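Source: prediction; values computed, not measured.
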Amino acid sequence: MTYRLIKEFVVSHPSGRHFLQIPGPTNVPGRVLRAMAAPTIDHRGPSFQALALEVLALLGPVFATEGPVVVYPGSGTGGWEAALVNTLSPGDTVLAFDTGHFATLWREMAARLGLVVDFVPGDWRHGVDPGVVAQKLAADTARAVKAVCVVHNETSTGVVSPIAEVRQAIDSVGHPALLLVDAVSSLGCIDYRHDEWGVDVTVAGSQKGLMLPPGLSFNAISQKALDVSTSSGSPRSYWDWQPILAANRNGSFPYTPATNLLYGLREALTMLYDEGLPQVFARHARHAAATRAAVRAWGLDVVCLDKGGHSGSVTAVLLPDGHDADAVRGIILDRFDMSLGAGLGKLAGSTFRIGHLGHFNDLTLAGTLAGVQMGLQLAEIPIDPSGVSAALEQLRA
(Lines give C-alpha, C1' and ligand atoms only; values in the text may rest on other atoms or scores of the structure.)
Protein backbone atom coordinates (compact mmCIF):
# COMPACT_ATOMS: atom_id res chain seq x y z
CA MET A 1 0.00 0.00 0.00
CA THR A 2 2.74 2.44 0.95
CA TYR A 3 4.66 1.62 -2.25
CA ARG A 4 1.54 2.24 -4.37
CA LEU A 5 0.95 5.61 -2.70
CA ILE A 6 4.53 6.68 -3.26
CA LYS A 7 4.46 5.53 -6.87
CA GLU A 8 1.15 7.25 -7.56
CA PHE A 9 1.59 10.58 -5.81
CA VAL A 10 5.27 11.43 -5.64
CA VAL A 11 6.47 13.44 -8.65
CA SER A 12 9.47 11.76 -10.23
CA HIS A 13 12.78 13.61 -10.28
CA PRO A 14 15.12 13.09 -13.24
CA SER A 15 18.35 11.33 -12.42
CA GLY A 16 21.72 12.87 -13.21
CA ARG A 17 22.46 16.57 -13.31
CA HIS A 18 20.54 19.24 -15.15
CA PHE A 19 22.38 20.52 -18.24
CA LEU A 20 22.26 24.31 -17.97
CA GLN A 21 23.46 25.27 -21.44
CA ILE A 22 22.04 28.76 -21.67
CA PRO A 23 24.56 31.57 -22.22
CA GLY A 24 24.26 32.70 -18.62
CA PRO A 25 23.71 32.24 -15.80
CA THR A 26 26.19 29.44 -16.22
CA ASN A 27 27.10 26.37 -14.19
CA VAL A 28 28.82 27.31 -10.92
CA PRO A 29 31.86 25.12 -10.10
CA GLY A 30 31.82 23.17 -6.86
CA ARG A 31 34.90 25.09 -5.66
CA VAL A 32 33.03 28.36 -6.04
CA LEU A 33 29.89 27.04 -4.35
CA ARG A 34 31.94 25.84 -1.41
CA ALA A 35 33.72 29.19 -1.17
CA MET A 36 30.41 31.03 -1.04
CA ALA A 37 29.20 28.71 1.74
CA ALA A 38 31.61 30.38 4.18
CA PRO A 39 30.03 32.05 7.22
CA THR A 40 28.97 35.63 6.58
CA ILE A 41 31.36 38.09 8.18
CA ASP A 42 31.14 41.68 9.40
CA HIS A 43 31.49 43.86 6.30
CA ARG A 44 32.95 46.61 8.52
CA GLY A 45 35.52 44.38 10.13
CA PRO A 46 39.18 43.55 9.39
CA SER A 47 38.47 40.14 7.85
CA PHE A 48 36.23 41.68 5.21
CA GLN A 49 38.74 44.46 4.61
CA ALA A 50 41.39 41.86 3.77
CA LEU A 51 38.96 40.00 1.48
CA ALA A 52 37.91 43.15 -0.37
CA LEU A 53 41.45 44.36 -0.96
CA GLU A 54 42.45 40.91 -2.27
CA VAL A 55 39.48 40.63 -4.62
CA LEU A 56 39.90 44.16 -5.98
CA ALA A 57 43.56 43.42 -6.74
CA LEU A 58 42.63 40.13 -8.45
CA LEU A 59 40.11 41.78 -10.79
CA GLY A 60 42.63 43.72 -12.87
CA PRO A 61 44.06 40.87 -14.99
CA VAL A 62 40.71 39.51 -16.18
CA PHE A 63 39.85 42.97 -17.54
CA ALA A 64 43.48 43.47 -18.63
CA THR A 65 43.59 46.77 -16.80
CA GLU A 66 45.74 48.45 -14.22
CA GLY A 67 42.98 50.94 -13.44
CA PRO A 68 40.14 50.69 -10.94
CA VAL A 69 37.28 48.22 -11.22
CA VAL A 70 34.09 49.11 -9.38
CA VAL A 71 32.01 46.22 -8.03
CA TYR A 72 28.28 46.66 -7.46
CA PRO A 73 25.70 44.35 -5.92
CA GLY A 74 23.59 44.30 -9.07
CA SER A 75 23.10 42.88 -12.54
CA GLY A 76 24.83 43.73 -15.80
CA THR A 77 21.94 46.10 -16.46
CA GLY A 78 23.03 48.08 -13.42
CA GLY A 79 26.53 48.17 -14.84
CA TRP A 80 25.11 49.68 -18.03
CA GLU A 81 23.42 52.44 -16.06
CA ALA A 82 26.54 53.16 -14.00
CA ALA A 83 28.61 53.53 -17.17
CA LEU A 84 26.13 56.02 -18.63
CA VAL A 85 25.29 58.16 -15.60
CA ASN A 86 28.89 58.58 -14.46
CA THR A 87 30.18 59.79 -17.82
CA LEU A 88 27.29 61.59 -19.54
CA SER A 89 24.73 64.33 -19.00
CA PRO A 90 21.08 64.49 -20.11
CA GLY A 91 20.95 65.77 -23.67
CA ASP A 92 24.33 64.28 -24.62
CA THR A 93 24.46 62.25 -27.82
CA VAL A 94 25.73 58.67 -27.87
CA LEU A 95 26.50 56.60 -30.96
CA ALA A 96 25.25 53.00 -30.67
CA PHE A 97 24.72 50.05 -33.00
CA ASP A 98 21.83 47.66 -33.50
CA THR A 99 23.80 44.43 -33.28
CA GLY A 100 21.26 42.46 -31.23
CA HIS A 101 18.75 42.34 -28.39
CA PHE A 102 21.08 43.60 -25.67
CA ALA A 103 22.37 46.47 -27.77
CA THR A 104 18.72 47.44 -28.21
CA LEU A 105 18.06 47.30 -24.46
CA TRP A 106 21.12 49.45 -23.71
CA ARG A 107 19.87 51.98 -26.28
CA GLU A 108 16.46 52.04 -24.61
CA MET A 109 18.04 52.65 -21.21
CA ALA A 110 20.12 55.53 -22.57
CA ALA A 111 17.00 57.16 -24.01
CA ARG A 112 15.14 56.83 -20.69
CA LEU A 113 18.08 58.54 -18.98
CA GLY A 114 17.62 61.56 -21.22
CA LEU A 115 20.42 60.83 -23.70
CA VAL A 116 20.07 61.28 -27.45
CA VAL A 117 20.93 58.00 -29.18
CA ASP A 118 22.15 57.85 -32.77
CA PHE A 119 21.32 54.17 -33.31
CA VAL A 120 22.91 52.70 -36.42
CA PRO A 121 20.64 50.01 -37.97
CA GLY A 122 21.90 46.43 -38.23
CA ASP A 123 20.73 42.99 -39.28
CA TRP A 124 21.79 41.19 -36.06
CA ARG A 125 24.09 38.92 -38.09
CA HIS A 126 27.13 41.20 -38.18
CA GLY A 127 29.11 43.14 -35.60
CA VAL A 128 29.96 46.83 -35.57
CA ASP A 129 31.68 48.07 -38.73
CA PRO A 130 34.64 50.28 -37.71
CA GLY A 131 34.36 52.06 -41.05
CA VAL A 132 30.87 53.24 -40.14
CA VAL A 133 32.16 54.41 -36.75
CA ALA A 134 34.81 56.54 -38.47
CA GLN A 135 32.30 57.86 -41.02
CA LYS A 136 29.74 58.85 -38.37
CA LEU A 137 32.29 60.55 -36.14
CA ALA A 138 34.05 62.35 -39.00
CA ALA A 139 30.69 63.89 -39.87
CA ASP A 140 30.22 65.02 -36.25
CA THR A 141 32.13 68.27 -36.67
CA ALA A 142 30.29 69.83 -33.71
CA ARG A 143 31.55 66.99 -31.48
CA ALA A 144 28.02 66.34 -30.25
CA VAL A 145 28.71 62.63 -29.77
CA LYS A 146 30.10 62.14 -26.27
CA ALA A 147 30.33 58.34 -26.21
CA VAL A 148 30.30 55.30 -28.47
CA CYS A 149 28.46 52.31 -26.97
CA VAL A 150 29.32 48.84 -28.28
CA VAL A 151 28.35 45.34 -27.16
CA HIS A 152 31.50 43.23 -27.47
CA ASN A 153 29.84 39.80 -27.51
CA GLU A 154 26.14 40.06 -28.36
CA THR A 155 24.62 37.28 -26.26
CA SER A 156 21.46 37.11 -28.35
CA THR A 157 23.24 36.45 -31.65
CA GLY A 158 26.69 34.99 -30.97
CA VAL A 159 28.38 37.85 -32.86
CA VAL A 160 31.56 39.58 -31.62
CA SER A 161 32.38 43.19 -32.53
CA PRO A 162 36.04 44.26 -33.01
CA ILE A 163 36.62 46.62 -30.09
CA ALA A 164 40.26 47.42 -30.88
CA GLU A 165 39.29 48.41 -34.42
CA VAL A 166 36.41 50.54 -33.14
CA ARG A 167 38.85 52.47 -30.93
CA GLN A 168 41.21 52.89 -33.89
CA ALA A 169 38.31 54.27 -35.92
CA ILE A 170 37.48 56.81 -33.20
CA ASP A 171 41.11 57.90 -32.99
CA SER A 172 41.59 58.00 -36.77
CA VAL A 173 39.26 60.97 -37.07
CA GLY A 174 40.53 62.66 -33.92
CA HIS A 175 37.20 62.41 -32.11
CA PRO A 176 37.18 62.78 -28.29
CA ALA A 177 34.22 60.41 -27.70
CA LEU A 178 34.45 57.92 -24.86
CA LEU A 179 34.26 54.20 -25.69
CA LEU A 180 31.81 52.27 -23.48
CA VAL A 181 31.76 48.49 -23.95
CA ASP A 182 29.43 45.75 -22.73
CA ALA A 183 31.62 42.71 -22.03
CA VAL A 184 29.03 40.89 -19.94
CA SER A 185 29.18 37.63 -21.92
CA SER A 186 32.77 37.89 -23.10
CA LEU A 187 34.76 38.62 -19.95
CA GLY A 188 36.64 35.50 -18.90
CA CYS A 189 35.68 33.75 -22.16
CA ILE A 190 37.00 35.78 -25.09
CA ASP A 191 40.23 37.77 -25.29
CA TYR A 192 39.51 41.22 -23.88
CA ARG A 193 41.96 44.09 -23.22
CA HIS A 194 40.51 47.14 -21.52
CA ASP A 195 43.72 49.18 -21.36
CA GLU A 196 45.35 48.13 -24.62
CA TRP A 197 42.18 48.66 -26.65
CA GLY A 198 41.55 52.10 -25.17
CA VAL A 199 38.19 51.28 -23.62
CA ASP A 200 36.92 53.93 -21.20
CA VAL A 201 34.29 51.88 -19.36
CA THR A 202 33.91 48.10 -19.54
CA VAL A 203 30.66 46.68 -18.17
CA ALA A 204 30.55 43.07 -16.96
CA GLY A 205 28.53 40.73 -14.76
CA SER A 206 29.24 37.80 -12.47
CA GLN A 207 27.01 35.11 -13.98
CA LYS A 208 28.76 34.17 -17.21
CA GLY A 209 32.50 33.69 -17.75
CA LEU A 210 33.21 34.50 -14.11
CA MET A 211 31.28 31.33 -13.14
CA LEU A 212 29.26 32.89 -10.32
CA PRO A 213 25.54 33.24 -9.67
CA PRO A 214 23.95 36.53 -10.76
CA GLY A 215 24.40 39.38 -8.31
CA LEU A 216 27.57 41.34 -9.13
CA SER A 217 28.16 43.92 -11.85
CA PHE A 218 31.42 45.64 -12.72
CA ASN A 219 32.75 48.83 -14.29
CA ALA A 220 36.41 48.93 -15.31
CA ILE A 221 37.24 52.61 -15.67
CA SER A 222 39.89 54.55 -17.61
CA GLN A 223 41.48 57.72 -16.28
CA LYS A 224 39.69 59.70 -19.00
CA ALA A 225 36.34 58.35 -17.83
CA LEU A 226 37.21 59.14 -14.21
CA ASP A 227 38.07 62.71 -15.15
CA VAL A 228 34.82 63.15 -17.08
CA SER A 229 32.80 61.70 -14.21
CA THR A 230 33.62 64.65 -11.96
CA SER A 231 31.69 67.02 -14.23
CA SER A 232 28.97 64.84 -15.79
CA GLY A 233 25.48 66.03 -14.99
CA SER A 234 23.40 62.87 -14.73
CA PRO A 235 21.73 62.34 -11.33
CA ARG A 236 23.16 59.36 -9.52
CA SER A 237 23.52 58.02 -6.03
CA TYR A 238 23.81 54.24 -5.75
CA TRP A 239 25.69 54.05 -9.06
CA ASP A 240 28.10 56.90 -8.30
CA TRP A 241 31.71 55.78 -8.73
CA GLN A 242 33.30 58.31 -6.39
CA PRO A 243 32.03 57.06 -2.99
CA ILE A 244 32.83 53.47 -3.94
CA LEU A 245 36.34 54.25 -5.13
CA ALA A 246 37.02 56.27 -1.98
CA ALA A 247 35.81 53.46 0.28
CA ASN A 248 37.62 50.77 -1.73
CA ARG A 249 40.98 52.34 -0.95
CA ASN A 250 40.56 51.01 2.59
CA GLY A 251 38.90 47.74 1.62
CA SER A 252 35.36 48.87 2.35
CA PHE A 253 32.15 49.83 0.55
CA PRO A 254 29.76 52.75 1.15
CA TYR A 255 26.89 50.26 1.55
CA THR A 256 26.44 46.58 2.30
CA PRO A 257 28.37 44.51 -0.28
CA ALA A 258 27.49 41.02 -1.49
CA THR A 259 29.96 39.47 0.95
CA ASN A 260 29.61 35.80 0.08
CA LEU A 261 29.63 36.47 -3.66
CA LEU A 262 33.01 38.12 -3.12
CA TYR A 263 34.26 34.86 -1.56
CA GLY A 264 33.07 33.11 -4.71
CA LEU A 265 34.62 35.75 -6.96
CA ARG A 266 38.00 35.27 -5.32
CA GLU A 267 37.79 31.52 -5.95
CA ALA A 268 36.56 31.93 -9.54
CA LEU A 269 39.34 34.35 -10.44
CA THR A 270 41.88 31.99 -8.88
CA MET A 271 40.55 29.17 -11.09
CA LEU A 272 40.83 31.32 -14.22
CA TYR A 273 44.36 32.38 -13.42
CA ASP A 274 45.41 28.84 -12.49
CA GLU A 275 44.25 27.64 -15.92
CA GLY A 276 45.78 30.71 -17.56
CA LEU A 277 43.68 33.27 -19.43
CA PRO A 278 45.18 32.43 -22.86
CA GLN A 279 44.25 28.79 -22.27
CA VAL A 280 40.76 29.81 -21.12
CA PHE A 281 40.22 31.80 -24.31
CA ALA A 282 41.56 28.96 -26.47
CA ARG A 283 39.26 26.47 -24.73
CA HIS A 284 36.22 28.61 -25.42
CA ALA A 285 37.22 29.14 -29.07
CA ARG A 286 37.72 25.39 -29.51
CA HIS A 287 34.33 24.50 -28.07
CA ALA A 288 32.67 27.18 -30.18
CA ALA A 289 34.31 25.83 -33.34
CA ALA A 290 33.14 22.29 -32.52
CA THR A 291 29.61 23.57 -31.92
CA ARG A 292 29.56 25.34 -35.28
CA ALA A 293 30.85 22.17 -36.92
CA ALA A 294 27.86 20.29 -35.50
CA VAL A 295 25.37 22.95 -36.59
CA ARG A 296 26.70 23.00 -40.14
CA ALA A 297 26.79 19.21 -40.34
CA TRP A 298 23.13 19.16 -39.29
CA GLY A 299 22.48 21.41 -42.29
CA LEU A 300 21.43 24.38 -40.17
CA ASP A 301 22.72 27.96 -40.09
CA VAL A 302 24.32 29.97 -37.33
CA VAL A 303 23.15 33.56 -36.92
CA CYS A 304 26.63 35.07 -37.16
CA LEU A 305 27.77 35.87 -40.71
CA ASP A 306 31.02 37.64 -39.77
CA LYS A 307 33.86 35.25 -40.57
CA GLY A 308 36.03 36.54 -37.74
CA GLY A 309 33.15 37.45 -35.44
CA HIS A 310 31.96 34.10 -34.13
CA SER A 311 31.46 34.07 -30.38
CA GLY A 312 33.44 31.80 -28.09
CA SER A 313 30.63 31.98 -25.52
CA VAL A 314 27.42 31.18 -27.38
CA THR A 315 26.23 29.87 -30.73
CA ALA A 316 22.82 31.02 -31.99
CA VAL A 317 21.21 28.47 -34.31
CA LEU A 318 18.60 29.36 -36.95
CA LEU A 319 15.89 26.82 -37.77
CA PRO A 320 14.33 26.46 -41.22
CA ASP A 321 11.15 28.43 -41.90
CA GLY A 322 8.06 26.81 -40.47
CA HIS A 323 9.77 25.28 -37.43
CA ASP A 324 9.43 26.54 -33.86
CA ALA A 325 12.69 26.86 -31.93
CA ASP A 326 10.84 27.17 -28.63
CA ALA A 327 9.09 23.85 -29.29
CA VAL A 328 12.50 22.24 -29.84
CA ARG A 329 13.76 23.73 -26.59
CA GLY A 330 10.71 22.40 -24.80
CA ILE A 331 11.25 18.88 -26.09
CA ILE A 332 14.92 18.96 -25.07
CA LEU A 333 14.07 20.21 -21.58
CA ASP A 334 11.33 17.62 -21.11
CA ARG A 335 13.17 14.61 -22.52
CA PHE A 336 16.79 15.33 -21.63
CA ASP A 337 16.63 17.80 -18.72
CA MET A 338 18.67 20.38 -20.62
CA SER A 339 18.03 24.12 -20.85
CA LEU A 340 18.98 26.00 -24.02
CA GLY A 341 18.78 29.74 -24.59
CA ALA A 342 15.68 31.16 -26.25
CA GLY A 343 15.75 33.39 -29.29
CA LEU A 344 15.33 37.01 -28.17
CA GLY A 345 13.70 40.01 -29.79
CA LYS A 346 13.23 39.57 -33.52
CA LEU A 347 14.93 36.15 -33.33
CA ALA A 348 12.26 34.78 -30.97
CA GLY A 349 10.80 31.50 -32.19
CA SER A 350 13.26 31.08 -35.05
CA THR A 351 16.45 30.65 -33.02
CA PHE A 352 17.81 28.77 -30.04
CA ARG A 353 21.15 29.41 -28.37
CA ILE A 354 23.74 26.93 -27.13
CA GLY A 355 25.86 28.29 -24.30
CA HIS A 356 29.38 26.86 -24.14
CA LEU A 357 31.04 29.12 -21.61
CA GLY A 358 32.35 29.12 -18.10
CA HIS A 359 32.87 25.82 -16.25
CA PHE A 360 32.79 23.62 -19.34
CA ASN A 361 34.78 20.81 -20.96
CA ASP A 362 34.82 18.46 -23.95
CA LEU A 363 32.47 15.87 -22.46
CA THR A 364 29.99 18.54 -21.38
CA LEU A 365 29.94 19.81 -24.95
CA ALA A 366 29.55 16.30 -26.37
CA GLY A 367 26.58 15.63 -24.08
CA THR A 368 25.06 19.01 -24.91
CA LEU A 369 25.27 18.47 -28.65
CA ALA A 370 23.93 14.91 -28.34
CA GLY A 371 20.89 16.28 -26.52
CA VAL A 372 20.39 18.98 -29.15
CA GLN A 373 20.66 16.46 -31.98
CA MET A 374 18.14 14.08 -30.40
CA GLY A 375 15.79 16.99 -29.71
CA LEU A 376 15.96 18.19 -33.31
CA GLN A 377 15.14 14.69 -34.50
CA LEU A 378 12.23 14.33 -32.07
CA ALA A 379 10.90 17.70 -33.27
CA GLU A 380 11.11 16.36 -36.84
CA ILE A 381 13.50 19.08 -37.97
CA PRO A 382 15.13 17.89 -41.21
CA ILE A 383 18.77 17.43 -40.25
CA ASP A 384 21.72 15.27 -41.19
CA PRO A 385 22.44 13.13 -38.08
CA SER A 386 26.21 13.57 -38.44
CA GLY A 387 26.38 16.73 -36.31
CA VAL A 388 27.73 15.18 -33.12
CA SER A 389 30.30 13.19 -35.10
CA ALA A 390 31.48 16.37 -36.82
CA ALA A 391 31.90 18.07 -33.44
CA LEU A 392 33.81 15.12 -31.98
CA GLU A 393 36.11 15.11 -34.99
CA GLN A 394 36.74 18.82 -34.44
CA LEU A 395 37.55 18.18 -30.79
CA ARG A 396 39.92 15.33 -31.66
CA ALA A 397 41.69 17.53 -34.18
Side-chain angles (χ1 to χ4, degrees), residues 65 67 79-154 159-183 192-203 219-236 239-242 306 308-309:
T65 184
W80 282 349
E81 182 162 339
L84 295 173
V85 299
N86 279 283
T87 58
L88 299 164
S89 302
D92 284 349
T93 299
V94 298
L95 177 63
F97 301 84
D98 186 17
T99 53
H101 182 67
F102 291 96
T104 300
L105 292 179
W106 202 8
R107 183 276 304 267
E108 292 173 355
M109 171 186 282
R112 288 196 299 271
L113 292 171
L115 302 170
V116 177
V117 185
D118 182 359
F119 200 50
V120 179
D123 64 1
W124 289 28
R125 305 194 73 178
H126 298 83
V128 174
D129 182 346
V132 174
V133 176
Q135 179 183 6
K136 297 285 288 187
L137 294 181
D140 180 34
T141 55
R143 299 299 189 249
V145 174
K146 302 303 180 185
V148 178
C149 294
V150 178
V151 176
H152 181 217
N153 183 77
E154 176 52 71
V159 180
V160 176
S161 288
I163 302 303
E165 287 83 350
V166 170
R167 167 48 75 187
Q168 291 166 9
I170 297 171
D171 294 345
S172 71
V173 296
H175 201 287
L178 296 167
L179 177 57
L180 312 184
V181 176
D182 171 339
Y192 188 83
R193 309 178 190 186
H194 176 89
D195 287 357
E196 182 180 329
W197 293 348
V199 180
D200 291 299
V201 186
T202 297
V203 178
N219 279 181
I221 308 165
S222 74
Q223 186 59 52
K224 180 180 177 181
L226 276 176
D227 294 342
V228 168
S229 72
T230 62
S231 58
S232 63
S234 292
R236 56 192 181 273
W239 302 114
D240 193 351
W241 289 339
Q242 301 302 328
D306 278 349

Considering all heavy atoms, the nearest V199-L179 contact: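 Looking at all heavy atoms of both residues, the closest pair is CG1-O, 3.6 Å.
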R143 to K146 - nearest heavy-atom pair and separation: O-NZ, 3.2 Å
Determine whether a donor-acceptor pair (N or O, by modelled atom type, separation under 3.5 Å) exists between the side chain of [X] and the backbone of [Y].
{"X": "E154", "Y": "W124", "answer": "no"}
{"X": "S89", "Y": "D92", "answer": "no"}
{"X": "T99", "Y": "G127", "answer": "no"}
{"X": "K224", "Y": "G198", "answer": "no"}
{"X": "N86", "Y": "A82", "answer": "yes"}
{"X": "T65", "Y": "G67", "answer": "yes"}

Looking at [atom1] of [X] and [atom2] of [Y], how far apart are the two atoms once the value is rounded to the nearest 0.5 Å?
{"X": "W197", "Y": "S222", "atom1": "CH2", "atom2": "OG", "answer": "15.5 Å"}
{"X": "T141", "Y": "H175", "atom1": "OG1", "atom2": "NE2", "answer": "9.0 Å"}
{"X": "L115", "Y": "R107", "atom1": "CG", "atom2": "CZ", "answer": "12.5 Å"}

Pairing of D200 and R167 as salt bridge, 4.0 angstrom limit: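 Between R167 and D200 there is a salt bridge, with a charged N closer than 4.0 Å to a carboxylate O.
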Parallel, tilted or perpendicular, as decided by the 30° and 60° cut-offs, for the rings of W80 and W106: parallel
Donor-acceptor side-chain pairing of W241 and N219 below 3.5 angstrom: yes
